[in-house]
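Heads up: the structure comes next, in C-alpha cells.
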Amino acid sequence: MSDPQPPGPVPAVSLDKLLARLDDAILALEDSRPFARAGKLPRLFDVIRRVLQQPEGMAAIESRAERLEQAGVFEGTDWADPSILLPALTTSSLQSPNADTVVVEALSELRLLAIARGEYLHDGFSAEQAHHYLTQVLAINLGLLFGLTGEAEREQGKLALISQGLVQYVASHIGYEQVIDSLIEEIWRILEQRPIQVEPVRKMITQIALCRADPGTDLGGAGLGADRLISSLYGPTRACSEDPGIVVYQQRLESMDSLALYNEATGFARSMHDTGLVSPYHAVFIRFVLEEEEALVTEALGLSSTGRDCLLCYRELVQTLLREAVFPETCQGIYGLALLLERGILYQPPVAPALWRQIRLSLCPEARERLQLAFGYQPQPAAWLLQGVLNVLGQPLGVGQGNNPTCQSARALSMWAYNDPDYLLQMVAWAVRDNEIIMHFEGQPVSSAESQAGVAPEVTLDLDPVSLVVVPHLDRIYAEMGRLCLGREGDPHRWVNPEFHGWSSGRGFAINVDVETGQLVELETFIRHFYASYHPYYNGNQPLIHPQPAGIAVTDSAARFIGWHAITILRAALDPEGEMRVYFFNPNNDSGQNWGDGVTVSTSGHGERFGESSLPFGQFTSRLYIYHFDPLERGEPADVPVEELQQVIARVHQSWGKNRVPSQGLQAQPGAAD
Amino acid sequence: MTQQNFNPEKGYIALLGWSLNAVEAADKFDRRYVVVAPDWAQEYCDKHEIPYVPWNFERLNDRSFEIAQTLKDMGVDVAIPLFEETVEWAGAINSVLMNNPRLLGQAMLLRDKALMKRRAQLGGIRVGIFEEAHDREDVIRFLKRVNQTLLKLDGDPNDPIHLKAFDKAGCLGHRVIRTPDEVDSIPDEEFPVLMESHLDGWEFAVEAWVHNGKIRFLNISEYVTLGYSVFVPATPDLEKYRPQITAEIEKLIKTFDIEFGFIHPEYFVTSDGTMYFGEVAYRPPGFKVFELLERAYGFNAYQGLILAFDPKTTEEEITAFFPKEVVDAKGYAGCFGVYPRRRVVSRLEMPEETENHEYFESHELTPPIEETVTKRTAFGTHWGLIYFFGDDPYTMRDLLKHQEDLDFYV
C-alpha cells in the first residue's frame with residue numbers, strides 16, 4: 001500500500017494487447033461447447049472489465065457487442081431478453097461491488113447502444129426501443145452521469161469508474177437533451193437541501209446551459225424549467241441577464257443610478273434565496289456597493305429584520321468579511337454570510353472575536369497546499385477558507401462528507417457549526433494555523449499530528465474548504481480514540497461519541513446489535529427507551545435540547561443492509577399533517593434516499609428546514625442501531641403502545657435485521673422464519 | 001449437448017475421471033468418447049447429453065472387472081486416466097480391453113512411488129537415496145543417516161529430506177523435514193511415506209506423448225518455484241539439455257515398457273548436468289500445464305492424449321497433429337498458484353502491477369470464504385491460478401518469481 005509503484009519500468013498493458021486478449025476470449029467462448037460455456041465466462045468478464053477501464057474501452061466493447069451476444073454471454077441470465085429489462089434495476093447493478101455484475105450490466109448497455117445506433121440489428125429489440133430504454137437509464141443514473149457519488153460508490157472502489165464512464169459514454173451518444181427534464185427535477189431536489197458544496201450542481205446546470213446554447217441540439221419542449229437555474233448562475237438580474245461577462249457588468253454598474261442599483265440588489269437577493277445558488281455577478285455587485293453605496297449590502301444579502309439588525313451591530317466585521325472572502329470565484333460565501341447573520345450567532349460573545357481571528361489567521365503550508373490543490377490559486381487560500389467558514393456557519397446542515405468514509409467527522413463539524421460555533425472556529429484555527437488538533441479522551445490528550453492513519457486512507461478534495469482542512473485531523477483523532485477503546489467489550493462509539501462530539505452528547509448509550517455476533521439484541525428495550533427519550537408523547541413533551549449523534553443501518557431500495565452510518569438527530573416534532581417525525585442531519589451528500597420497504601427519506605414537504613431529512617418516528621426507529629441519551633432523564637418507556645413497537649420490530653426484521661435475528665428467537669416463534 | 005460427429009473408423013475412448021476441459025476437447029475431436037466418472041457427474045452429463053457411465057473409483061476391488069466388461073461390451077477401445085487415482089483403473093480396464101495383462105502391472109508400478117524408483121534404478125536410471133518409512137522412528141533414522149553420508153558433523157545444519165505419500169499426485173502430502181523435532185508434526189495417518197534425500201538441483205517436469213513406443217511430443221516445463229509456478233516452453237538455459245532429457249525419457253519408456261499414452265516425469269538436473277529421476281506419472285499434469293501448452297502452441301493437449309492412447313491412430317495422423325517443440329511456440333505461457341500470505345484475509349485484491357502487466361492474461365481466483373487462513377504444513381493446495389503469456393522467457397520467469405512477494409488476499 002505504501003509503495004504502489006514497483007521499482008523499475010514494467011511493461012504496462014496497452015489497449016491493443018488487451019483487445020487481442022479480449023478477442024481470444026470471445027473466440028474461446030464461441031468455440032466452446034454449450035456445456036462448457038460457463039467455464040469460459042470468468043476469463044472473458046475479467047478481460048472486459050480491464051478493457052472498460054481503458055480510455056477507449058467503451059467503444060471497443062460496443063463494437064464487439066453483437067459478437068459477444070451471439071457468443072452467448074447473456075445466455076441463461078435476465079439480460080438475455082432485452083425486452084424484459086427494467087431501467088430502474090440498472091442503478092443497483094452499476095453500484096454493485098461485484099465486478100461481474102457491473103461488467104454484465106455495462107455490456108448490456110453497450111449492446112443496447114449499438115442497437116440504438118443501428119449498428120446491430122437485434123431480433124427481439126428495435127433501435128427505438130433501445131433508445132427509449134437508454135434514455136431512462138441515463139435519467140435514473142444522473143448522479144453517475146455528473147459524478148455525484150454516495151456510499152455505494154465508495155464501497156465499489158475502482159469499479160465505480162466503469163459505471164461512471166459507461167453512463168457518460170452512453171450520454172455522449174444518446175444525447176443529454178433526452179435526460180434534461182429529469183435532470184432539472186434532480187437539481188431542484190438537491191438544491192432544496194441547500195448543500196454547501198454546489199460544484200456538482202453548477203456542473204449540471206452548466207451542462208444544461210450548454211445543451212440549450214448548442215444549435216445542433218434539438219431540445220424540443222425539454223429544459224424549459226431550467227431557466228431559473230441557469231439564470232441564478234449566469235444572469236440573475238436585468239443588467240446581467242444576457243451573461244455579458246464580469247468586466248462589462250462592472251462598467252454597467254458604474255453608470256447606474258440608485259434605483260437601478262437597488263433593483264439589482266433585490267434581484268440578486270431573490271435569486272439567491274430562491275435557489276441557494278450565488279452568481280459570480282453577485283460578488284461583483286457586492287464589492288462594488290461596499291465602496292459606493294453601502295446601504296445596499298443589506299438588500300443584496302436579502303436580510304430580514306433579524307439579519308439586518310445583526311449586520312448593523314457588527315458592521316465593520318461584516319464589511320471586512322465581505323472584502324476578504326467574497327470574490328467571483330467564492331461567491332457562494334455571500335449566501336453563507338446572509339444565513340449566518342439571520343441565525344443571530346454573532347450575538348454569542350465569542351463568535352465575533354473568533355471571526356476576527358479567522359480573518360487574520362495565517363495558514364500553515366499544509367493547509368495552504370490542500371486548499372490550492374482543490375480550488376486553485378485565485379483568490380488566496382485564506383479567502384477560500386473564509387468563504388468556507390461563512391458557509392459552514394450559515395448552513396450547518398449543508399456539510400457533506402464528499403466521497404469519503406468520514407461521516408463521523410462531517411457530522412461533528414456540522415454539529416459544532418449548529419450548536420457551538422465558537423468551538424468550530426477554534427478547531428479551524430488549530431487545524432489551519434497549527435496543523436494539529438488536540439482533543440482529550442477520558443483525560444488523555446489525543447493529537448491529530450501524532451495519531452496514525454484515520455478511517456479514510458486519503459481524504460479526497462471534493463469537500464467544502466473547512467472540511468477539506470479540518471476533516472483529515474478529525475478523522476485521525478476519531479480513529480485514534482477508537483484504537484484507545486481496543487479490548488473494551490462492546491461498541492466503541494459508547495465512549496468515543498461523547499468524547500469526540502462534546503459534552504452535550506448524552507452519556508447514556510443504547511445499541512441493539514451485539515458487537516461480537518452481529519445479532520440483534522434487546523430490540524424491544526432499545527426501541528422503548530428511544531421513544532421514552534426522544535418522542536414528545538413519551539418523554540414529557542420535552543423537545544430535544546442538543547443535537548445527538550446516532551447510528552443508522554443504511555439499507556438500499558430493496559431494504560438490504562449496506563452499512564453503518566453516522567447521523568445527527570436534530571429534533572422530533574409533528575409535521576404539517578400531524579404526524580410525529582424525526583428530523584435529522586445526514587452528512588452524506590444527498591439525504592433523499594429510498595431505504596426500501598416503504599421507508600423513503602424526505603427532504604422537503606414535511607416541515608423540513610433546509611438540510612434536514614425526516615422520517616416518521618417509527619420508520620426512523622426501524623433503521624436506528626445506536627443512540628445516546630441522558631440517563632437522568634428517562635421518560636415513560638412503558639407507555640409506548642405494543643402495536644407501534646411491533647410495527648417497528650417488524651420493519652427491522654424485514655430489512656437490515658433479516659439475518660441478525662438470534663436463533664433462540666426463531667425457535668420461540670417458528671413462524672417468523674418465513 | 002454434444003455436437004460431436006465422430007469418425008467410426010477411429011477408436012472409441014473412455015475418459016476416466018471428470019474434467020470439463022477434457023470432455024470439451026473430446027467432444028470437439030473426431031473420436032467417439034464416453035465419460036466414466038462418479039455419480040455426482042450424472043446430473044450434469046444428463047442435462048448436457050454428455051455420454052456417461054457412472055463409476056465410483058475407490059480402491060481396485062472385486063467389482064473392477066465389471067466396469068471393464070461394461071466398457072468392453074460398449075465397444076470401447078481404450079481407457080484414458082485423467083487423475084492419479086484413476087491410473088490403476090485405466091491399467092486394469094485396458095488390460096481387459098486390449099487383452100494384455102501386463103498393463104495392469106505397469107499401472108501399479110506407476111502408482112507406487114517406492115516401486116517406481118526401484119524399477120527406475122534397475123533400468124540404470126539415476127535416482128536419489130530413498131527409503132520407505134512406517135513410523136516417525138524410521139524418519140529420524142533416515143534423516144540422520146543421510147546427513148552422516150554427507151559427512152556433516154554434529155551441529156552442522158542438516159540437509160533436508162523430503163517426505164511424500166506413495167500414491168498422491170504432485171505436491172499433495174509433500175513435506176520437507178530438516179530436524180528431528182519437525183518429525184513430530186507428521187500426523188499418524190500419513191504413514192507409510194516415501195523418504196528421499198534432497199537434491200540440490202534444478203527441478204523440472206516433462207510431458208511426453210508416446211505412441212508405438214516413440215516420443216511424439218516432448219515438452220519441458222520449467223518450475224520457477226516448486227508448488228508455485230511453471231511455464232512452457234522452458235528458458236534456453238534448460239532447453240539446452242533437451243538432447244540429454246530426450247535420452248533420459250527414452251530410457252524411462254524402455255524401463256517401464258510404455259508402448260502408448262502419456263507420461264509426466266519429474267527430474268533434477270544438477271550443476272554438472274547430471275539428471276536425477278524424481279518420479280513419473282501416467283496422467284495429465286496438475287497446474288494446468290495442458291492449458292498452458294494450448295496457449296503456447298495452439299494444439300489441444302487432451303486431443304493429443306486421445307491420439308496417443310487410441311490404438312487406431314495412424315503414424316501420419318499423429319505426426320501431423322503435433323507441432324515442432326519450442327520453434328513452433330507463439331510465446332511463453334506460465335501460471336502462478338496463489339497462496340494467501342497473511343493469516344487473516346478479508347478480500348481478494350489483484351495487485352495493480354500484476355493486473356497492468358502486459359503479460360497478465362487472466363486469473364481464476366475467487367473471494368475468500370473464510371477469514372482465517374489455515375496454516376500450511378505440507379505444500380497444500382493453492383487458492384487459484386493466475387495466467388501469463390508473453391514473448392520473453394526470462395521476463396516470464398522473473399515475473400512469476402516476483403508474484404511470490406505480492407499479496408492477492410488482504
Side-chain angles (χ1 to χ4, degrees), chain A residues 1-54 72 75-76 96-101 103 155-159 457, chain B residues 1-4 19-29 35 41 44-50 52 291 294-295 298 300 330-331 347-367 384-392 395 398-399 402 405-407 410:
Chain A
M1 288 290 277
S2 59
D3 184 17
Q5 291 299 321
V10 169
V13 71
S14 64
L15 183 62
D16 287 348
K17 280 248 163 69
L18 274 178
L19 291 180
R21 287 208 167 134
L22 172 64
D23 291 335
D24 283 350
I26 299 175
L27 198 65
L29 184 68
E30 286 169 342
D31 277 357
S32 82
R33 292 294 198 249
F35 64 76
R37 198 167 277 161
K40 316 283 191 229
L41 287 175
R43 181 180 147 208
L44 179 63
F45 281 179
D46 195 59
V47 68
I48 292 178
R49 175 182 60 78
R50 286 190 283 146
V51 170
L52 290 176
Q53 282 169 344
Q54 299 283 327
E75 233 155 78
S96 164
N98 180 326
D100 288 346
T101 309
V103 166
E155 298 281 325
Q156 250 188 322
K158 267 181 10 191
L159 283 175
Chain B
M1 197 198 324
T2 170
Q3 304 164 352
Q4 202 197 12
S19 154
L20 190 59
N21 286 341
V23 176
E24 196 186 11
D27 203 73
K28 289 183 186 172
F29 205 41
V35 175
Y44 195 86
C45 292
D46 287 353
K47 189 171 154 207
H48 298 285
E49 297 181 34
I50 295 167
Y52 168 72
E291 284 72 8
E294 179 160 9
R295 184 73 183 90
N300 186 303
K330 294 174 287 182
R347 65 178 194 281
L348 164 67
E349 193 175 284
M350 284 294 288
E352 219 154 289
E353 56 173 301
T354 300
E355 193 167 291
N356 289 336
H357 196 285
E358 66 163 340
Y359 280 20
F360 173 67
E361 289 245 298
S362 60
H363 71 83
E364 38 189 54
L365 301 175
T366 47
L385 293 172
I386 304 179
Y387 296 90
F388 297 94
F389 184 77
D391 303 330
D392 181 61
T395 309
D398 298 346
L399 179 63
H402 179 60
D405 300 329
L406 302 178
D407 280 313
V410 294

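The sequence lines fix the lettering, A, B, ..., with proteins before strands; numbering per chain opens at 1.
- For chain A, no part of B/Glu364 is nearby; none of its heavy atoms comes within less than 4.5 Å.
- The distance from atom OH of B/Tyr359 to atom NZ of A/Lys17, rounded to the nearest 0.5 Å, is 8.0 Å.
- The two residues B/Ser362 and A/Arg50 make their nearest non-hydrogen contact at N-NH2, 4.3 Å.
- Between B/Glu358 and A/Arg21, the closest heavy-atom pair is O-NH1, 2.7 Å.
- Between A/Lys40 atom NZ and B/Leu20 atom CG the span is 7.0 Å, to the nearest 0.5 Å.
- Side-chain contact between A/Arg33 and B/Val23: absent, with no pair of heavy atoms (C-beta onward) separated by less than 4.5 Å.
- Neither the backbone nor the side chain of B/Val410 comes within contact range of chain A, judged by heavy atoms closer than 4.5 Å.
- Both the backbone and the side chain of B/Phe389 come within contact range of chain A, judged by heavy atoms closer than 4.5 Å.
- Between A/Arg49 and B/Glu355, some side-chain heavy-atom pair lies under the 4.5 Å cut-off.
- Shown here for B/Glu24 and A/Asp31, the closest heavy-atom pair between the two residues is OE2-O, 4.2 Å.
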